[in-house]
**Student:** 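This is the structure I want to talk about, given as structure tokens.
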2 protein chains.
Amino acid sequence: MSLTEAKQNPDTRERILDAAESLFVEFGFEATSMRQITGRAGVNLASINYHFGSKEALIQEVFRRRLTWLNRERLNALERFEKEAQGAPLKPHQIVEAFFGVSLRMAADTEHGGHTFMRLLGRTYTEPSAFVRQFLADEYAAVVPRFKQALFRSLPDVPPEEILWRFHFMLGAMSYAIAGTDALQLVAEHELDEKDPGALARRLMPFLLGGLRAPLAEASAKPREKGPRRAI
Amino acid sequence: MSLTEAKQNPDTRERILDAAESLFVEFGFEATSMRQITGRAGVNLASINYHFGSKEALIQEVFRRRLTWLNRERLNALERFEKEAQGAPLKPHQIVEAFFGVSLRMAADTEHGGHTFMRLLGRTYTEPSAFVRQFLADEYAAVVPRFKQALFRSLPDVPPEEILWRFHFMLGAMSYAIAGTDALQLVAEHELDEKDPGALARRLMPFLLGGLRAPLAEASAKPREKGPRRAI
DNA sequence: GCTCGTTTCAAACGACCGTTTGAATGATAC
DNA sequence: GTATCATTCAAACGGTCGTTTGAAACGAGC
């Protein structure tokens, strides 16, 4: 030991996961090599395969370690509202708050990597890789049906199919809002207040609710001019 | 020649572009190898470097060939509305129609690869790779300011900053709606009408407009219960 | 001290990557 | 025919990938 005092190991696993998470956001799964990860983590190349088994397993663990908590938190929030409502249908804004509010609060946490992870998660919804998609589907299996049911009860006059589409649209808007800071630069050169982490939530939630509760399109052709009146 | 009658070459370049486009959607840029591309295109491995120079240049050409047309079409639609309005501010739904309607019509075209391309484009907004992002920024440089100005004029009571955010949200919702058929399966097991290519536009446009024209959040904390009333 | 199970290490493995090369092929003009 | 040009081809290039290996270093129990 003598000279190298840095050799005590806080937790190799955690350091690998943190390094991988940030590199995946930066370069994507495929473009990030195991040598980059171990390099940033300051550990030996072989330790990834030793601790996780393979790169693929590492990717899954990067997600699992945060996603399990995130989804439980979402369910907790929903159940809290449901207990409050005593059997009555929830308000749409409560359901949106339970699902997206939790995500946005995690995305606002820049201290413990929550922001990094949410960027990664948002990008991953469109990830081509089959095993990542399968993994996400499994992780969401317990959450999505609960929120679907809550939305169906909350909006009894909207066809369930329409609700699913709009849930999908909301997911997209949020994912991009978090993941696509790069795409945002495309729209606004430099004028936005990205500093405040809570700003995103304050801006996104009204948008999501406005979209979710928008009037339905006529069944026939595309809506002609003189659409339904709206404030603002 | 004799036996191999298939050797006549319609257009090697186009076949490479088509093969690359579909493979990029399927596996992503990094995970798609040049051997896969030339294999699907039925051409020699070296022909990519011969015709395009490099893999990177091929990726850019895949985008340029469709994106240039798409953005010109968006501008044309906007200018058509502006001519109609004779100097008056456009209606929000006209601006949304000009920008997103064109995209959605392209996405509805499954015959000539428009659908494939729009899936690819949507995914690429969150693409980490630096050169792809730079390329997109250049391609959109002529379009985005025009639509920003139109929106500012159309919604004079909404702070410009807020409009930019909502434009970004709309972009996200559309991109996911097109790119993330996979993510949609996550929400709806099998119940959606994915067959009809026009269905997406009919469902998405009201959502976008609802979000764009949603009431602003209070300036202070997060909106408390009893949010602004809304139909449906 | 020694032993045993866990973790780290440097080095190498075969496979695949994007790219380059130089010869073969095709079409066109003379 | 020959010469000229663009295109295609099979083969190879150096480099990087994820993974494996076997030895070294470590810590805990005795």
Side-chain angles (χ1 to χ4, degrees), chain A residues 1-63 127-132 135, chain B residues 1-63 127-132 135:
Chain A
M1 186 159 303
S2 55
L3 280 183
T4 67
E5 58 89 47
K7 191 49 57 55
Q8 59 180 336
N9 167 23
D11 198 357
T12 303
R13 270 182 61 99
E14 290 295 317
R15 301 183 58 182
I16 291 175
L17 288 170
D18 290 341
E21 188 175 75
S22 64
L23 282 166
F24 288 158
V25 172
E26 221 169 315
F27 305 107
F29 299 130
E30 311 277 355
T32 300
S33 72
M34 307 190 60
R35 285 164 179 83
Q36 278 180 280
I37 298 171
T38 53
R40 178 170 293 192
V43 302
N44 186 270
L45 168 62
S47 55
I48 288 184
N49 281 291
Y50 176 77
H51 283 284
F52 300 95
S54 68
K55 184 182 182 183
E56 194 166 297
L58 167 64
I59 295 175
Q60 300 207 23
E61 188 54 32
V62 165
F63 281 97
E127 169 72 26
S129 156
F131 86 92
V132 176
F135 173 75
Chain B
M1 188 158 302
S2 53
L3 280 184
T4 69
E5 55 90 46
K7 193 49 57 57
Q8 58 181 337
N9 168 23
D11 197 358
T12 303
R13 269 183 62 99
E14 290 295 317
R15 302 183 56 182
I16 291 174
L17 288 170
D18 290 341
E21 189 174 74
S22 64
L23 281 166
F24 288 158
V25 172
E26 221 168 314
F27 305 107
F29 299 129
E30 311 278 356
T32 300
S33 73
M34 308 189 60
R35 286 165 179 83
Q36 277 180 281
I37 298 172
T38 53
R40 179 170 294 192
V43 302
N44 187 270
L45 169 61
S47 56
I48 288 185
N49 283 291
Y50 176 78
H51 284 283
F52 299 95
S54 68
K55 183 183 182 181
E56 195 166 295
L58 167 64
I59 295 175
Q60 300 207 24
E61 187 55 33
V62 165
F63 281 97
E127 170 71 25
S129 157
F131 88 91
V132 175
F135 172 76

**Student:** Expressed as a whole number of angstroms, how long is the span from Ile37(A):CD1 to dT19(D):P?
**Tutor:** 10 Å
**Student:** Rounded to whole angstroms, how far apart are CE on Met34(A) and P on dT8(C)?
**Tutor:** 14 Å
**Student:** In this structure, how many angstroms lie between the P atom of dT19(D) and the CG atom of Leu58(A), rounded?
**Tutor:** 10 Å
**Student:** For DNA chain D, what are the stems built from at least three Watson-Crick or G-U pairs in a row, each pair having both distances below 3.5 Å?
**Tutor:** C:1-30 with D:1-30
**Student:** Taking any heavy-atom pair under 4.0 Å as a contact, classify Thr38(B): base, sugar-phosphate, or nothing.
**Tutor:** nothing
**Student:** Closer to the 5' end of DNA chain D via nearest nucleotide, is it Tyr50(B) or Ser54(A)?
**Tutor:** Tyr50(B)
**Student:** If each of Val43(A) and Gln36(B) is mapped to the nucleotide of DNA chain C with the nearest heavy atom, which maps nearer the 5' terminus, i.e. the 5' end?
**Tutor:** Val43(A)
**Student:** Atom CD of Glu30(A) to atom P of dT16(D): distance rounded to whole Å?
**Tutor:** 18 Å
**Student:** If you compare all heavy atoms of Gly42(B) against all heavy atoms of Arg15(B), which two are closest, and at what distance to 0.1 Å?
**Tutor:** CA-NH2, 4.2 Å
**Student:** For residues Phe29(B) and Lys55(B), report the shortest heavy-atom separation together with the two atoms involved.
**Tutor:** O-NZ, 3.1 Å
**Student:** For dT8(C), does either OP1 or OP2 sit under 4.0 Å from a side-chain N or O belonging to His51(A)?
**Tutor:** yes
**Student:** How would you list all residue pairs meeting salt bridge (charged side-chain N to carboxylate O under 4.0 Å, His left out) that involve residues 33-45 of chain B, not counting sequence neighbours?
**Tutor:** Glu26(B)-Arg40(B)
**Student:** Strictly below 4.0 Å: does Thr12(A) bring a side-chain N or O up to OP1 or OP2 of dT7(C)?
**Tutor:** no
**Student:** dC17(D) C1' sits how many Å from Lys55(A) NZ, rounded?
**Tutor:** 8 Å
**Student:** Hey, is the side chain of Ser47(A) poking within less than 4.0 Å of OP1 or OP2 on dT7(C), counting only N and O atoms?
**Tutor:** no
**Student:** Locate the shortest heavy-atom distance separating Ser54(A) from Ile48(A); write the atom from each residue and the value.
**Tutor:** O-CG2, 4.4 Å
**Student:** Could you tell me if the side chain of Ile37(A) sits less than 4.5 Å from the side chain of Leu58(A), heavy atoms only?
**Tutor:** yes
**Student:** For the backbone of Asn44(B) and the side chain of Thr38(B), can you confirm whether one donor and one acceptor N or O come within less than 3.5 Å of each other?
**Tutor:** no
**Student:** Is the closest side-chain heavy-atom distance between Phe27(A) and Gln36(A) below 4.5 Å?
**Tutor:** yes
**Student:** Between dA12(D) atom C1' and Asn49(B) atom CG, what is the distance in whole Å?
**Tutor:** 14 Å
**Student:** Assign a letter to each nucleotide of nucleotides 11-16 of chain C from its 5' end: B, base within under 4.0 Å of a protein heavy atom; S, sugar-phosphate only; -, no contact.
**Tutor:** -B----
**Student:** Can you confirm whether Val43(B) sits close enough to Ile16(B) that some side-chain heavy atom of one is under 4.5 Å from a side-chain heavy atom of the other?
**Tutor:** yes
**Student:** To the nearest Å, give me how far apart CZ (Phe52(A)) and C1' (dG18(D)) are.
**Tutor:** 15 Å
**Student:** Rounded to the nearest Å, what distance is computed from the CD atom of residue Glu14(B) to the C1' atom of nucleotide dT7(D)?
**Tutor:** 17 Å
**Student:** Show your reasoning for whether side-chain contact (heavy atoms from CB on, under 4.5 Å) applies to Leu17(A) and Phe52(A).
**Tutor:** CA-CA 10 Å; Leu17(A) 288 170; Phe52(A) 300 95; 3.8 Å; yes
